[in-house]
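Below is one structure, written out as structure tokens; the observations come after it.
Treat the numbers as computed from the prediction; the structure is a model and nothing was measured. Below, all heavy atoms of this structure are taken into account, side chains as well, without hydrogens, waters or symmetry copies.
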Amino acid sequence: MIVELSHRITDGMVTYPGIPGPVIGTHLSREASREVYAPGTEFHIGTIALAANTGTYLDTPYHRYADGQDLSQVPLSKLADLPGLVVRAEGVRKVVLDKDLDVRGRAVLIQTGWDRHFGTDEYQREHPYLAPASAAWLAEQGAALVGIDSLNIDDTPSHGPRPAHSVLLQAGIPLVEHMTGLAALPDEGFRFHAAPPMVAGMGTFPVRAYAVVP
């Protein structure tokens, strides 16, 4: 079974306050293409202009650190076919992880249930986030990737620090934010995938995150 874990990207959608929504357009319409190809043959070529932090997206070390790995440098082994683990944390704003968890080499996905508010004003207010001490513990334990179904893995006060981003990305651990559908996954025993395009000089990009459950 394949479980979808990404939000759909639509024209003008709001992912994060202050970041412009995507603009989806057309480079070549089906009607115009009829003049380019043989009779009965037509194609559509679309365009999209979007901020890298749109929808469900991946953060690489370059997002936080100028000398960190960008989208083209993070190896697929850190993004695809990872053993997954879901941490259930619904109804909790500051998520503190149980240190008995076996997280080494795994994609640790934090299910807060906040994805139910995606696309609403509620999604942007008082969202759940990962406790800084737990982020540091994940880095120490060698987690492969960390994801969350919330606005941000950090608390987001104005001009505030981003400790989870800082410690995890410094350790080379990619992040996936704005996930959805984690409730459909078992606690473990699945494989996780979230690979973006290989864009040089960029630190974040939307992904089609999904899990394969036996």
Side-chain angles (χ1 to χ4, degrees), residues 5-7 9 15-20 22 50-87 94-97 99 101-110 112 127-157 159-180 182 191-211:
L5 302 175
S6 295
H7 289 288
I9 294 176
T15 299
Y16 193 96
I19 294 180
L50 80 167
N53 292 40
T54 296
T56 303
Y57 55 80
L58 180 95
D59 290 347
T60 68
Y62 184 75
H63 178 50
R64 175 67 177 82
Y65 299 102
D67 60 350
Q69 291 179 318
D70 66 17
L71 293 163
S72 70
Q73 295 168 326
V74 175
L76 278 174
S77 59
K78 290 189 175 183
L79 306 171
D81 200 26
L82 298 170
L85 171 69
V86 177
V87 175
K94 182 178 179 180
V95 180
V96 178
L97 300 184
K99 292 186 177 180
L101 292 171
D102 178 11
V103 301
R104 184 168 298 279
R106 304 173 90 176
V108 180
L109 310 179
I110 302 167
T112 69
H127 64 87
Y129 64 95
L130 180 63
S134 290
W137 179 78
L138 285 171
E140 292 167 0
Q141 295 298 308
L145 177 148
V146 181
I148 193 167
D149 60 356
S150 178
L151 179 78
N152 202 290
I153 201 164
D154 277 301
D155 196 9
T156 54
H159 303 291
R162 298 291 187 269
H165 276 85
S166 297
V167 70
L168 291 168
L169 294 177
Q170 187 174 53
I173 300 171
L175 308 176
V176 182
E177 295 175 305
H178 307 279
M179 300 187 72
T180 189
L182 295 179
R191 309 295 291 190
F192 178 73
H193 304 256
M198 293 178 66
V199 184
M202 290 189 70
T204 63
F205 207 82
V207 291
R208 186 76 180 262
Y210 63 92

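Here the shortest heavy-atom pairing between A194 and L58 reads O-CD1, 4.0 Å. Across all their heavy atoms, S150 and P128 have their closest contact at OG-O, 2.8 Å. Between L50 and P206, the shortest heavy-atom distance links the atoms CD1-CG, 3.8 Å. Taking each heavy atom of G55 and I9 in turn, the nearest pair found is CA-CG1, 4.4 Å. Pairing each heavy atom of S134 with each of L130, the nearest pair is CB-CD1, 3.7 Å. Across every non-hydrogen atom of M198 and S72, the tightest pair is CE-O, 3.6 Å.
A donor-acceptor pair under 3.5 Å is absent between the side-chain atoms of Y62 and the main chain of T204, judged by distance alone. Using a distance-only test at 3.5 Å, with no hydrogens or angles considered, a donor-acceptor pair links the side chain of S166 to the main chain of R162. Checked by atom type and distance alone, the side chain of T60 pairs as donor or acceptor with a backbone atom of Q69 at under 3.5 Å. Panel note: side chain D70, backbone Q73; a donor-acceptor pair is recorded below 3.5 Å. In this structure, E177 contributes its side chain and I153 its backbone to a donor-acceptor pair below 3.5 Å. Here the side chain of H193 pairs a donor or acceptor atom with the backbone of D81 at under 3.5 angstrom. In this structure, the side chain of R106 does not engage the main chain of A143 through any donor-acceptor pair within 3.5 Å. In terms of modelled atom types and a separation under 3.5 Å, the side chain of K94 and the main chain of D155 share no donor-acceptor contact.
Rounding to the nearest 0.5 Å places CZ of R104 at 14.0 Å from CG of L85. We find the CG-NE2 distance between L71 and H63 to be 10.5 Å, quoted to the nearest 0.5 Å. The distance from the NZ atom of K99 to the CG atom of L138 is 10.5 Å, given to the nearest 0.5 Å.
Aromatic ring orientation, H178 versus Y57: tilted (interplanar angle from 30° to 60°).
Under 3.5 Å, the side chains of D149 and T180 contain no donor-acceptor pair of N or O atoms. Defined by atom type and a distance below 3.5 Å, a donor-acceptor pair is missing between the side-chain atoms of H127 and N152.
Within the 4.5 Å cutoff, the side chain of P61 has no heavy atoms near those of the Q170 side chain. Counting heavy atoms from C-beta outward, F192 and L145 have side chains that approach closer than 4.5 Å. At a threshold of 4.5 Å between non-hydrogen side-chain atoms, the residues V74 and P174 count as touching. A 4.5 Å side-chain heavy-atom check between V86 and V108 finds every atom pair outside the cut-off. At least one side-chain heavy atom of H165 sits under 4.5 Å from a side-chain heavy atom of D59. Taking 4.5 Å as the limit, every side-chain heavy atom of M179 sits out of range of all side-chain heavy atoms of S6. No side-chain heavy atom of V167 sits under 4.5 Å from any side-chain heavy atom of P132. Side-chain contact between T156 and Y16: present, with at least one pair of heavy atoms (C-beta onward) separated by less than 4.5 Å.
Exactly one of V176, I110, L109 qualifies for a side chain to side chain contact (heavy atoms under 4.5 Å, CB included) with V146. That residue is I110. Partner of T56 under the side chain to side chain contact (heavy atoms under 4.5 Å, CB included) criterion, chosen from V207, T15, L5: V207.
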*Which is it for V103 and V87 under the side-chain contact (heavy atoms from CB on, under 4.5 Å) test, yes or no, and what are the steps along the way?*
CA-CA 10 Å; V103 301; V87 175; over 6 Å; no

